[in-house]
Amino acid sequence: MRQKLLSEGAKELSYEIREIVKKANILQKEGVDITWENIGDPIQKHAQVPEWIKDIIQRLAADNNSYGYCDSKGVFKTRKFLAQKNNQHGGAQITADDILFFNGLGDAISTLYHYLDATSRVIGPSPAYSTHSSAEAAHANHQPLTYKLDPKNNWYPDMQDLRNKVEFNPNVVAILLINPDNPTGMVYPKEILDQIVQLAREFDLMLISDEIYHHITYNGARAYALSEVIGDVPGIAMKGISKEMPWPGARCGWIECYNRDKSLEFDQLCNALDDAKMIEVCSTTLPQMAIPEILGDPRFYEYREKLNEETGWRSTFIADTLSEVPELIINKTYGAFYNTIVFKEGVLRDDQSLEITNPQAKVRVEEWVEDVPLDFRFVYYLLGATGICVVPISSFCSDLLGFRVTLLEEDEELLKKTFTQIRDSIREYLDS
Ligand code: PLP
């Protein structure tokens with residue numbers, strides 16, 4: 001090629017949640033039966049979308065308008081509905097013009113970071129959800145910039161670490177929160193949100209809050225929306241239907257921009273995002289048309305409550321089962337549908353293993369564990385020996401060693417079998 005093709009930032013793109021699938025697929029071909037604990041897709045885990053939601057979508061699919069492009073920013077009626085829904089909190093108020101639809105939040109995330117100045121950084125939580133950390137790092141052509149979530153303190157943010165990094169890194173323009181959090185299942189208490197808003201105000205930063213799991217809380221928790229706590233600080237909330245409805249295949253999510261009138265530069269960024277979507281024409285129409293009908297129906301909240309209760313039960317079962325291994329740090333979760341399990345310092349070594357009975361799988365795993373972080377080693381052995389596919393936590397921009405599981409398995413017997421097997425495999429691995 002006459003010129004370099006690939007941008008430097010491209011090397012920051014990684015998504016272990018799907019990378020591990022390639023390994024699992026190889027083992028599946030060798031005859032290993034895989035239990036998928038890697039991806040947060042409720043549909044893949046056998047969740048059934050209620051019939052009344054399917055009826056609404058079927059009716060809309062028969063409406064000719066749902067086949068057309070929509071307004072670049074998104075269907076007006078839907079944006080108006082969502083603005084009113086937000087304004088009911090009495091926090092930061094918005095209009096339909098402050099909402100912009102995307103083809104899933106993945107699209108919103110990559111577009112937002114793409115249009116930030118290359119020298120401006122967004123500091124986000126570690127362990128980090130890779131769609132954010134990889135896209136932000138690729139835009140800055142640098143490694144992700146993160147603050148620590150502390151597994152020894154309910155996964156709450158280490159506020160001193162966050163303050164130091166904001167204070168000594170003048171390139172930081174925004175703080176990212178994921179609330180409820182992927183991968184830890186932590187829900188930010190209001191006092192911590194207030195402190196983060198205060199920090200943003202003090203250093204003249206904007207806030208970004210990924211709220212895709214907003215209605216997924218349990219074990220007595222409730223998630224505060226950014227708009228409830230943000231006061232006069234500029235900020236963006238990211239929302240979507242992939243997890244809550246759940247309809248990840250719709251590729252539909254949106255952003256809400258708060259306090260545009262408080263900062264000209266922030267307002268210009270929001271306008272640039274509108275323009276970027278205009279160049280693409282618009283996002284998927286049909287799912288947007290369905291939102292007011294579904295989220296405006298009281299049955300939606302009854303349905304969510306039932307699902308949340310079930311997720312809470314699974315969360316407790318998983319935490320109780322794995323807590324029986326003293327070498328692990330386990331937290332109960334309160335939101336989203338993941339738990340991140342951490343190995344205590346020093347318990348993992350590079351000579352530990354599990355017995356793999358399938359000879360071809362054994363050869364593969366032994367090849368893969370050459371020169372990898374110690375939690376990848378555990379994850380590959382677990383995959384080879386049991387077929388259980390989890391994601392190593394060091395791949396979430398973290399110094400911690402551990403793995404992420406989902407709380408999505410609806411089949412109670414299979415859930416019990418999977419997590420008892422994980423517990424027993426950890427014991428065997430640590431004793432090997
Ligand atoms: N944000 C978070 C925190 C997620 O966990 C995910 C998906 O797992 C997304 C965004 C992406 O959502 P979407 O399906 O809307 O692209």
Side-chain angles (χ1 to χ4, degrees), residues 16-17 20 24 32-38 40 126-127 148-156 181-186 218-219 311-357 365 368-369 372-396 398-409 411-432:
E16 192 56 38
I17 300 165
I20 191 80
V32 178
D33 199 10
I34 305 294
T35 307
W36 300 101
E37 271 304 325
N38 58 307
S126 161
K148 288 188 187 125
L149 302 180
D150 182 359
K152 293 187 181 144
N153 182 28
N154 310 301
W155 285 116
Y156 292 161
D181 186 55
N182 175 4
T184 65
M186 176 266 294
Y218 41 82
N219 291 338
T311 311
W313 182 87
R314 294 195 286 263
S315 149
T316 306
F317 175 81
I318 291 168
D320 288 350
T321 305
L322 298 181
S323 293
E324 289 169 28
V325 185
E327 290 89 348
L328 300 177
I329 302 174
I330 309 280
N331 283 283
K332 211 169 155 177
T333 64
Y334 293 90
F337 36 59
Y338 311 95
N339 198 341
T340 289
I341 290 100
V342 176
F343 289 98
K344 286 187 182 162
E345 236 177 282
V347 303
L348 291 183
R349 299 186 316 267
D350 65 3
D351 60 351
Q352 288 158 322
S353 63
L354 287 173
E355 193 189 333
I356 301 176
T357 48
V365 169
W368 295 338
V369 296
V372 291
L374 293 174
D375 54 349
F376 275 68
R377 180 183 176 92
F378 167 74
V379 164
Y380 293 154
Y381 268 108
L382 182 73
L383 189 60
T386 67
I388 300 171
C389 181
V390 298
V391 192
I393 214 61
S394 63
S395 68
F396 288 73
S398 175
D399 301 334
L400 299 168
L401 298 174
F403 57 95
R404 188 192 79 166
V405 296
T406 76
L407 316 180
L408 287 170
E409 185 51 66
D411 177 336
E412 197 175 312
E413 284 317 304
L414 182 57
L415 176 93
K416 286 184 176 165
K417 181 169 166 247
T418 304
F419 284 90
T420 310
Q421 221 177 352
I422 294 179
R423 179 198 62 198
D424 296 346
S425 300
I426 294 171
R427 284 178 174 154
E428 185 190 329
Y429 187 80
L430 295 179
D431 286 346
S432 64

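Keep in mind that the numbers below use all heavy atoms, side chains included, and drop hydrogens, waters and symmetry copies.
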Exercise. Apply the test side-chain contact (heavy atoms from CB on, under 4.5 Å) to residues W155 and V342: give CA-CA distance (whole Å), side-chain angles for both, the deciding distance (0.1 Å), then the verdict.
Key: CA-CA 11 Å; W155 285 116; V342 176; 3.7 Å; yes
Quiz item: Run the salt bridge (charged side-chain N to carboxylate O under 4.0 Å, His left out) check on K417 and E413 step by step: do they pass?
Solution: CA-CA 6 Å; K417 181 169 166 247; E413 284 317 304; over 6 Å; no
Practice problem: Considering non-hydrogen atoms only, spot the tightest contact between R404 and T340 and give its length. | Solution: CG-OG1, 4.0 Å
Quiz item: If you measure only the distance, is there a donor-acceptor pair under 3.5 Å linking the side chains of Y334 and S315?
Solution: no
Practice problem: Without swapping roles, check the side chain of Y156 against the backbone of L149 for a donor-acceptor pair under 3.5 Å. | Solution: no
Quiz item: What is the distance from atom NZ of K344 to atom CD1 of I329, rounded to the nearest 0.5 Å?
Solution: 6.5 Å
Self-check item: Check: T333/N339 side-chain N/O donor and acceptor closer than 3.5 Å
Solution: no
Self-check item: Heavy-atom donor-acceptor pair, D375 side chain to P392 backbone, under 3.5 Å
Solution: no
Quiz item: What pair of heavy atoms forms the shortest contact from V347 to L430, and how long is it?
Solution: O-CD2, 3.6 Å
Quiz item: Should the ring pair Y381 and Y429 be called parallel, tilted or perpendicular, given that the plane angle runs from 0 to 90° and is split at 30 and 60?
Solution: tilted
Exercise. Rounded to the nearest 0.5 Å, what's the gap from CG on N154 to NZ on K152? Could you check?
Key: 13.5 Å
Quiz item: Only one of F403, Y338, F376, F396 forms a side-chain contact (heavy atoms from CB on, under 4.5 Å) with V391, so which one is it?
Solution: F396
Practice problem: Determine, stepwise, if the pair I318 / L407 fulfils side-chain contact (heavy atoms from CB on, under 4.5 Å). | Solution: CA-CA 8 Å; I318 291 168; L407 316 180; 3.6 Å; yes
Quiz item: In Å, rounded to the nearest 0.5 Å, how long is the span from CD of E409 to CG of L414?
Solution: 4.0 Å
Self-check item: CG/D399: more than 12 non-hydrogen atoms of other groups inside 6.0 Å
Solution: no
Quiz prompt | Nearest non-hydrogen partners of T386 and S425, listed with the distance | solution = CG2-OG, 3.4 Å
Quiz item: Distance from L354 atom CG to F378 atom CZ, nearest 0.5 Å?
Solution: 6.5 Å
Self-check item: Heavy-atom side-chain proximity of T316 to N219 below 4.5 angstrom
Solution: yes
Exercise. Can you measure from CZ (R377) to CG (L348) and round to the nearest 0.5 angstrom?
Key: 10.0 Å
Quiz item: For P151, does its backbone N or O pair with a side-chain atom of N331 as donor and acceptor, under 3.5 Å?
Solution: yes
Quiz item: Of all heavy-atom pairs between G384 and I356, which one has the smallest distance, and what is that distance?
Solution: O-CG2, 3.5 Å
Exercise. Measure across S398 and S126 and return the closest heavy-atom pair with its distance rounded to 0.1 Å.
Key: CA-OG, 3.6 Å
Exercise. Can you see which heavy atom on I20 is nearest to which on V379, and at what distance?
Key: CD1-CG1, 3.7 Å
Practice problem: Evaluate the side-chain proximity of D320 to I330: yes if any heavy-atom separation is below 4.5 Å, no if none is. | Solution: no
Quiz item: So, do R314 and Y218 sit near enough that their side-chain heavy atoms are less than 4.5 Å apart?
Solution: no
Self-check item: side-chain contact (heavy atoms from CB on, under 4.5 Å) between L415 and F317, intermediate numbers included
Solution: CA-CA 9 Å; L415 176 93; F317 175 81; 4.0 Å; yes
Quiz item: When rounded to the nearest 0.5 angstrom, what distance separates CG in D424 from CZ in F419?
Solution: 13.0 Å
Practice problem: Using salt bridge (Lys or Arg N to Asp or Glu O under 4.0 Å) as the criterion, point out the one residue from E428, E324, E327 that pairs with R423. | Solution: E324
